Protein chains: 2
Amino acid sequence: MQDPCQAREVLGIVGDKWALLIVRMLKDGPRRFTELKRAIDGISQRMLTATLRDLERDGILTRTVHNVMPPHVSYELTPMGRTLREATAPLLEWSITHLAHIDAARAAYGNR
Amino acid sequence: MQDPCQAREVLGIVGDKWALLIVRMLKDGPRRFTELKRAIDGISQRMLTATLRDLERDGILTRTVHNVMPPHVSYELTPMGRTLREATAPLLEWSITHLAHIDAARAAYGNR
DNA sequence: TGTTCTCGGTTACCAAAGGGTACCGAGGCA
DNA sequence: TGCCTCGGTACCCTTTGGTAACCGAGAACA
């Protein structure tokens, strides 16, 4: 690995909280907009739209519109997106397994 | 893995652009404030201070002050911090190896 | 016939967070 | 006397992001 600082801009996108969760949601195949919105607890419609746009622009996922009414739009990982999913999986798992440790550390820090 | 949405708050910290780079910088042992500032290209003094505080609060690293003049403060990963470092390494590597792909995808997106 | 629901957004508004720059203090050195 | 260092804070502007309202066309309901 050479200069990791070159990766700063990329990290600003793939390191994004919402982007990580969206990529994870798509691991088992395409998902619809509303499906993602319901599954990713706490994301606002605005942020979901914006993050999906960014990920589409960067070639992480594809957006497919089926011209029916009511609208049907599905999102799916590209091959590059699937490699990203593999790269982010350890961080996701780490976050979940260390939730309690972080809470404990934070409580201890507050009581100093 | 249960509900990944529980990890949202944690992801907001460990998924942070600067936090990822700082954790990586500390992989080979303690580093001083100014050392980090010089090594992480583009980070401002303010953001370095703030991010280090957050990581210290969350038990990712320790801050050690040596009472001399000029000041000497060193930062070092905790055991939990080292496990985080391992979890983030794949994402860092991915970012660097896919920099060019992302640029290409972004250029193609702009020309549609 | 009119009302209301759906999906996948967009937009305006506003508060909160992010982040750059200037400045600080105390000792060392010329 | 003046200027350098390190680590950090105060100030202030910019960006981010949540909320809520609106949209359009079909479908279900009454």
Side-chain angles (χ1 to χ4, degrees), chain A residues 5 7-22 25-26 29-58 60-77 106 109 112, chain B residues 5 7-23 25-26 29-58 60-77 109 112:
Chain A
C5 291
R8 252 192 311 141
E9 200 188 351
V10 176
L11 283 175
I13 299 145
V14 301
D16 179 76
K17 174 175 65 173
W18 299 126
L20 288 169
L21 292 173
I22 288 174
M25 276 301 302
L26 296 177
R31 289 280 180 272
R32 299 180 56 171
F33 184 88
T34 311
E35 223 172 338
L36 293 170
K37 184 160 152 35
R38 271 196 286 261
I40 301 174
D41 191 52
I43 195 169
S44 67
Q45 199 146 325
R46 190 183 192 286
M47 284 315 295
L48 181 54
T49 304
T51 308
L52 286 170
R53 284 279 183 286
D54 286 346
L55 294 176
E56 186 198 1
R57 182 199 57 191
D58 290 349
I60 308 294
L61 51 79
T62 57
R63 175 172 181 271
T64 308
V65 181
H66 307 87
N67 238 347
V68 292
M69 194 57 67
H72 185 126
V73 180
S74 64
Y75 296 89
E76 184 170 18
L77 289 180
R106 211 175 282 193
Y109 187 89
R112 295 187 317 174
Chain B
C5 292
R8 252 192 312 141
E9 201 189 351
V10 176
L11 283 176
I13 299 144
V14 302
D16 179 76
K17 174 175 65 174
W18 299 125
L20 288 169
L21 292 173
I22 288 173
V23 167
M25 276 302 301
L26 296 177
R31 291 279 180 270
R32 299 182 56 174
F33 184 90
T34 312
E35 224 174 337
L36 293 171
K37 183 159 152 36
R38 271 195 287 260
I40 301 173
D41 191 52
I43 196 170
S44 69
Q45 203 141 333
R46 188 188 191 286
M47 284 315 296
L48 181 55
T49 304
T51 308
L52 287 169
R53 282 281 182 285
D54 286 346
L55 294 175
E56 185 198 1
R57 180 199 57 190
D58 290 348
I60 308 293
L61 51 79
T62 56
R63 176 173 179 270
T64 309
V65 182
H66 306 88
N67 239 345
V68 292
M69 195 56 68
H72 184 126
V73 180
S74 64
Y75 295 89
E76 183 170 17
L77 290 181
Y109 187 90
R112 292 187 319 173

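Treat the numbers as computed from the prediction; the structure is a model and nothing was measured. Lettering of chains follows the sequences in order, A, B, ..., and the numbering in each one begins at 1.
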- Message: For a quick check, with a 4.0 angstrom heavy-atom cut-off, what is the B/S/- contact string for nucleotides 16-30 of chain C, read 5' to 3'?
- Response: ---BBB----BS---
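OP1 or OP2 of C/dG8 has not a single side-chain nitrogen or oxygen of A/R38 nearer than 4.0 Å. Side-chain N/O atoms of A/R32 include one lying less than 4.0 angstrom from OP1 or OP2 on C/dG8.
In this structure, the side chain of A/R8 engages the main chain of B/D41 through a donor-acceptor pair within 3.5 Å. B/D58 places no side-chain N or O within donor-acceptor distance of the main-chain N or O of B/I60, the cut-off being under 3.5 Å.
When rounded to the nearest whole Å, the span between CZ of B/R8 and C1' of D/dG17 equals 13 Å. We find that CG of A/L48 is positioned 11 Å from P of D/dG18, with the value rounded to whole Å. A straight line from OH of B/Y75 to P of D/dC6 spans 14 Å, rounded to a whole angstrom. In this structure, A/R31 atom CZ and C/dG8 atom P are separated by 13 Å, rounded to whole Å. The distance from atom CG of B/L36 to atom P of D/dG7 is 9 Å, rounded to the nearest whole Å. To the nearest angstrom, P of D/dG7 lies 7 Å from NE2 of B/H72.
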- Stepwise side chain to side chain contact (heavy atoms under 4.5 Å, CB included) check, A/E56 with A/L52: CA-CA 6 Å; A/E56 186 198 1; A/L52 286 170; over 6 Å; no
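Across all strands, B/T49 comes closer than 4.0 Å to base atoms (heavy-atom distances).
Judged as a side chain to side chain donor-acceptor pair (under 3.5 Å), the pairs with a partner in residues 60-69 of chain A (not counting sequence neighbours) are, in order, A/R63-A/Y75.
Shown here for B/A19 and B/I13, the closest heavy-atom pair between the two residues is CB-O, 3.5 Å.
Residues satisfying the side chain to side chain donor-acceptor pair (under 3.5 Å) criterion with B/R53, sequence neighbours excluded, are absent altogether.
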